[in-house]
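The block underneath contains the structure these notes are about, expressed in structure tokens.
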Amino acid sequence: MDTKKAYEYAKEVYAAIGVNTDEVIEKLKKVQISVNCWQGDDVEGFLFKDIALSGGIQTTGNYPGKARNADELRRDFEFAMSLIPGRHRMNLHAIYADTDEKPDLDELEPRHFEKWVSWAKELGIALDFNPTCFSHPMADSGFTISNADDKVRAFWIEHCKRCRIIAEYFGKELGSKCVTNFWFPDGYKDTPVDREAPRRRMMEALDEVFSTDIDMKYTAEAVESKVFGIGAESYTVGSNEFCLGYAATRNKMVCLDAGHFHPTESIADKISSVLLFTDELLLHVSRPVRWDSDHVVTMDDELMNIATALVRNDALSRTHIGLDFFDASINRIAAWVIGTRNMIKALLRAMLEPSDELKKIENSGDYTKRLMMLEELKSYPFAAVWDYYCESCGVPVREAWFDKVKKYENNILEERK
Ligand code: RNT
Ligand code: ZN
């Protein structure tokens, strides 16, 4: 198949509606997706072995071959990246510290992440970061940074403070702002009496975390909300209103996770509102299936709505796109490749819209034409542009990447039994 020939045809089709596909490709190349490291090992990390995942999130499945240490995770990630067009970022969690020491979460220092930094430098990618406020005995009560117990609260405050220093180190060393996301599972299984006190404690604890002096040249910080978690069905401390209010008044970002809202609520519609009140935004693009199940991102309507919301309103330059999924029932490298390629593919399709023209039609009040165009655009030949983009980035076109993953599985993952 002649990818180039198909591209030339698509280029003409798009040119007829005023879209320059070459320019779109250049624009797309600049978008870096923050790829979640935790898909590679089912959110286990390397600091504490044999500790169960907690915090109301869950991996299900037992597909063989998960990364057992940082070297394996790096190797798997590098391989996945070789199958995805463009240059992207790796999003680390604190529990992925790569060290022979046994630091607790409130003892972490930049040196525990030195190997990650030198690897990232070699690969020419940037790192993002997250404190890990779950999967730890200090999180067993279901409350971390909003815990009523001063000692427990102080532990998590210290952990978060240390994570900010590590993020600053990442940003400085790698020459790209490290996006740090603060998410806390805190909440009640059953209906609480006092809905305010934990939120007040969380607010004050966060103020304390963010009071230490960090050079904000090197890091951008977000707080992630959630409507409920497993075991915290009735109340979460870090609700949407809490996080949005906090971010807007503290000059932070919110992190909108696609699985953290009521099932008919869409984060796509929140982007344009949030960005009126905060400078930047972090997304956790995920796929909730009936609940916050963190399925691999597919090319569905929700993903397209997120992509068009970012492109039509020129929000890409102020939005950090992170992925958040963890499926342990399929090949984990394939999961990375499928989810990340879909995110990029959706952005490409959104960029191929004649959005100025569409806005003109809308403003003229011709809603019949608006509907007609939006529907016709769905069968425009964006796939030819996508294939050409993959080819020109030197990564496999269409499903050709899958054979490589299978080979890797047979040669490398098999040995991890
Ligand atoms: C949990 C949040 C959070 C985590 C990761 C591992 O519901 O979405 O972002 O998934 O930090
Ligand atoms: Zn998330």
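Both ligands and their constituent atoms are indexed starting at 1 by order of listing.
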N or O pair under 3.5 Å between N181 and ligand 1: no
Element-labelled atoms of ligand 1 that are located less than 4.0 Å from some non-hydrogen atom of K226: 1 (C), 7 (O)
Set of ring pair (Phe, Tyr, Trp, His ring centres under 6.0 Å) partners for Y188, sequence neighbours left out: F143, Y235
Ring-ring centroid check H136 W156, cutoff 6.0 Å: yes
Pairing of R332 and D41 as salt bridge, 4.0 angstrom limit: no
Salt bridge present between E280 and R318 (N-O < 4.0 angstrom): no
Pair R68 + E44, salt bridge at N-O below 4.0 Å: no
Parallel, tilted or perpendicular: rings of F46 and Y96 (30°, 60°): perpendicular
Lys/Arg N to Asp/Glu carboxylate O, K406 vs E409, below 4.0 Å: yes
Contact atoms of ligand 1, heavy-atom distance to D292 under 4.0 Å: 7 (O)
Identity and separation of the nearest protein heavy atom to atom 8 (O) of ligand 1: D324 OD2, 2.8 Å
Where ligand 1 meets I57 - atom numbers and elements under 4.0 angstrom, heavy-atom basis: 1 (C), 7 (O)
N/O separation below 3.5 Å, D257 to ligand 1: yes
Minimum-distance protein heavy atom relative to atom 9 (O) of ligand 1: E224 OE1, 2.7 Å
Charged N-O contact under 4.0 Å between E173 and K121: yes
Location of contacts on N36 toward ligand 1, heavy atoms closer than 4.0 Å: neither
Set of ring pair (Phe, Tyr, Trp, His ring centres under 6.0 Å) partners for H295, sequence neighbours left out: none
Whether F113 and F129 hold their rings parallel, tilted or perpendicular, with breakpoints at 30° and 60°: perpendicular
Residue H260 vicinity, atoms of ligand 1 by number, heavy atom under 4.0 Å: 1 (C), 2 (C), 7 (O), 8 (O)
For atom 11 (O) of ligand 1, the option (of H93, Q39, H284) bearing the nearest heavy atom: H93
Contacts of E168 that satisfy side chain to side chain donor-acceptor pair (under 3.5 Å) - sequence neighbours left out: none
Polar protein atoms near the Zn ion (ligand 2) [N, O or S; cut-off under 2.8 Å]: E224 OE2, D257 OD2, H284 ND1, D324 OD2
